[in-house]
Amino acid sequence: MLVQRHSPSLRPLTTAHLAQTMTLLGLSALELRQKIESALASNPALELVDERRCPTCRRVLAGSSTCPFCSRLPTSSADEPIVFVSAREDFQNFNGTGSREMPEDNYAQAALHEDLPHFVMRQIASELEPEDRPIVAHILTSLDEDGLLSVPLVEIARYHHISLSRIEELLRIIQHADPIGVGSPSPQEALLVQLEVLAETRPVPAMAAEAIKQGMDLLSRHRYSELGQLLGLPTAQITEIARFIGENLYPFPGRFHWGDVSLNRQNQKTNQYSFHYPDVIISRLNESEDTPFIVEVALPLAGTLRINPLFREALQQAPQDKAEQWKSDLEQAALLVKCLQQRNHTIVRLMQKITVLQREFILHGDAHLLPVTRATLAKDLEVHESTISRAVSGKAVQLPSGHIIPMSMFFDRSLHIRTALKQIVDQETKPLSDTEIGSLLAEQGYKVARRTVAKYRSMEGILPAHLRQSNRPQSRQSQTLREAI
DNA sequence: CTATGGCACGGATT
DNA sequence: AATCCGTGCCATAG
């Protein structure tokens with residue numbers, strides 16, 4: 001296998017090597033930690049020693065978690081980013097902020113240790129009868145990335161042989177957990193639940209619930225006068241209700257904070273990137289324009305994982321019945337350590353390439369992202385394409401700006417065009433049709449079909465021209481709301 | 001008649 | 001082999 005070429009020190013790869021390297025490569029820092037912890041617990045041949053060495057230069061590190069020697073290489077330049085693996089002690093205390101503001105602490109905490117289903121379950125578990133828990137778990141795991149329930153309730157009721165009304169009771173409990181409205185079958189219902197909860201602590205506009213119930217589609221299309229007629233209210237009052245909803249309610253309870261790292265593009269536009277522990281942290285050595293990058297590949301452990309030398313000795317005089325077991329433990333341990341090295345090695349090499357290629361993007365944002373494919377990078381690095389895929393998937397990168405983005409964003413083929421599109425719409429004086437936007441994009445060198453403009457536009461949550469009023473800035477929430485329909 | 005969204009196809013990407 | 005993405009065609013709304 002090609003991987004070998006870059007790691008001459010490793011002994012020839014067996015199938016086991018390969019399999020495990022592949023698996024480890026595909027894991028994020030968080031998953032990797034779990035994996036290592038469980039290995040550590042079950043395999044006596046492994047030990048975690050406090051002595052920490054810089055994985056790059058092998059120097060023993062004293063206090064700091066980053067190697068002072070490596071991070072101060074005087075020869076590095078913009079073309080040669082400093083890339084190294086770093087054992088992060090702060091992993092447990094990670095709060096995801098960096099320099100970035102964090103809206104709610106508990107979200108960050110939750111995202112570190114668990115996903116949306118677990119987060120919700122933990123809140124409500126005490127309210128539930130033990131026999132209801134599997135049912136609730138079923139519901140929670142069926143949520144889509146927006147935190148909405150796409151599976152019909154009847155189906156779940158039938159599956160568990162319980163009545164529909166029982167299910168509805170349970171769902172009600174779920175909906176009142178944080179994020180409020182989670183588990184609702186529709187954005188509409190999510191809004192209603194939020195409204196209800198909000199009403200307990202502060203005044204809400206009269207008829208707001210009616211407006212949502214009866215005029216969801218009108219509301220979402222900004223047809224305030226029509227909605228006014230429907231409800232027999234003056235348009236002004238409807239506008240007021242709409243404003244309130246836009247500012248205080250959110251139709252997709254899960255989208256704000258969770259969302260799939262690789263798929264959910266929606267939250268990128270809001271700067272609310274997912275709160276995952278970054279597998280890679282990019283920072284700049286200084287403030288100058290041509291500063292080298294410092295790239296830390298996070299190893300979610302404080303210390304060095306190695307084979308316990310005592311165990312190796314003990315193996316010599318192992319009792320008959322245990323010999324076999326011990327031997328396999330030792331092999332397992334050695335394998336894990338090697339594969340771990342290899343995983344890190346691959347990621348380091350990958351990041352070296354990426355940081356050079358996407359330098360402008362890292363420093364200056366979305367518009368400068370080059371459309372690079374995993375395939376070309378694989379060729380550059382002389383590894384198999386699938387190796388890159390695995391190395392990239394499910395991982396997060398923290399940029400010098402503090403933003404945490406999915407690593408796959410480095411391979412987004414249309415982000416720069418979408419950014420240009422956003423800019424066009426931001427600056428438009430009258431709503432431009434997709435065709436017009438298309439020709440403007442063409443002037444900038446982006447030749448895309450009209451249909452594609454429409455796709456990008458909706459990806460960015462921008463409404464079609466006829467529903468966009470001329471350039472008054474609108475709250476993000478109401479944009480999202482309208483997107484719902 | 002124009003603007004847009006849905007569906008589906010084919011080629012590229014993973 | 002499975003999935004994603006850009007695009008063309010067509011139906012529908014305005």
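Below, chain A is the first sequence line, B the second, and so on; all start at residue 1. These numbers were taken from a predicted model, which means no experiment stands behind them.
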Protein-nucleotide distance (A:Met459, atom CE; C:dT7, atom C1'), rounded to Å: 13 Å
Short side-chain N/O contact to C:dC5 OP1/OP2 from A:Tyr456, under 4.0 Å: no
How long is the line joining NE2 of A:His384 and C1' of B:dT13, in whole Å? 13 Å
Between P of C:dG6 and NE2 of A:His416, the distance in whole Å: 10 Å
Residues in salt bridge (Lys or Arg N to Asp or Glu O under 4.0 Å) with A:Glu189, at least two apart? none
Nearest-Å distance, CG (A:Leu415) to C1' (C:dC5)? 15 Å
Is there a donor-acceptor contact under 3.5 Å from the side chain of A:Glu428 to the main chain of A:Leu432? yes
Is A:Ser414 touching bases, backbone alone, or none of the nucleic acid, heavy atoms closer than 4.0 Å? sugar-phosphate
Specify the separation, in whole Å, of atom NZ of A:Lys379 and atom P of B:dT14. 13 Å
For residues 450-459 of chain A, the salt bridge (Lys or Arg N to Asp or Glu O under 4.0 Å) pairs (sequence neighbours left out) are A:Asp434-A:Arg457
So, is A:Thr452 near the phosphate of C:dT7, with a side-chain N or O under 4.0 Å from OP1 or OP2? yes
side-chain hydrogen bond (donor to acceptor under 3.5 Å, both in side chains) filter on A:Thr23, not counting sequence neighbours, yields none
Rounded to whole Å, the CD1-P distance (A:Ile417 to C:dC5) equals 13 Å
Would you say that A:Ser414 contacts A:Tyr456 through its side chain, given a criterion of any heavy-atom pair below 4.5 Å between the two side chains? yes
In 5'-to-3' order, the base (B), backbone-only (S) or no-contact (-) status of each nucleotide in nucleotides 4-11 of chain B, using a 4.0 angstrom heavy-atom cut-off, is BBBBB---
With sequence neighbours left out, write down each residue that passes side-chain hydrogen bond (donor to acceptor under 3.5 Å, both in side chains) with A:Glu385, or none if nothing qualifies. none
Here the distance between atom C1' of B:dT2 and atom CD of A:Glu436, to the nearest Å, is 11 Å
Provide, to the nearest angstrom, the distance between the CZ atom belonging to A:Arg390 and the C1' atom belonging to C:dA2. 14 Å
Could you note down all residue pairs passing side chain to side chain donor-acceptor pair (under 3.5 Å) where residues 230-239 of chain A supplies at least one of them, sequence neighbours left out? none
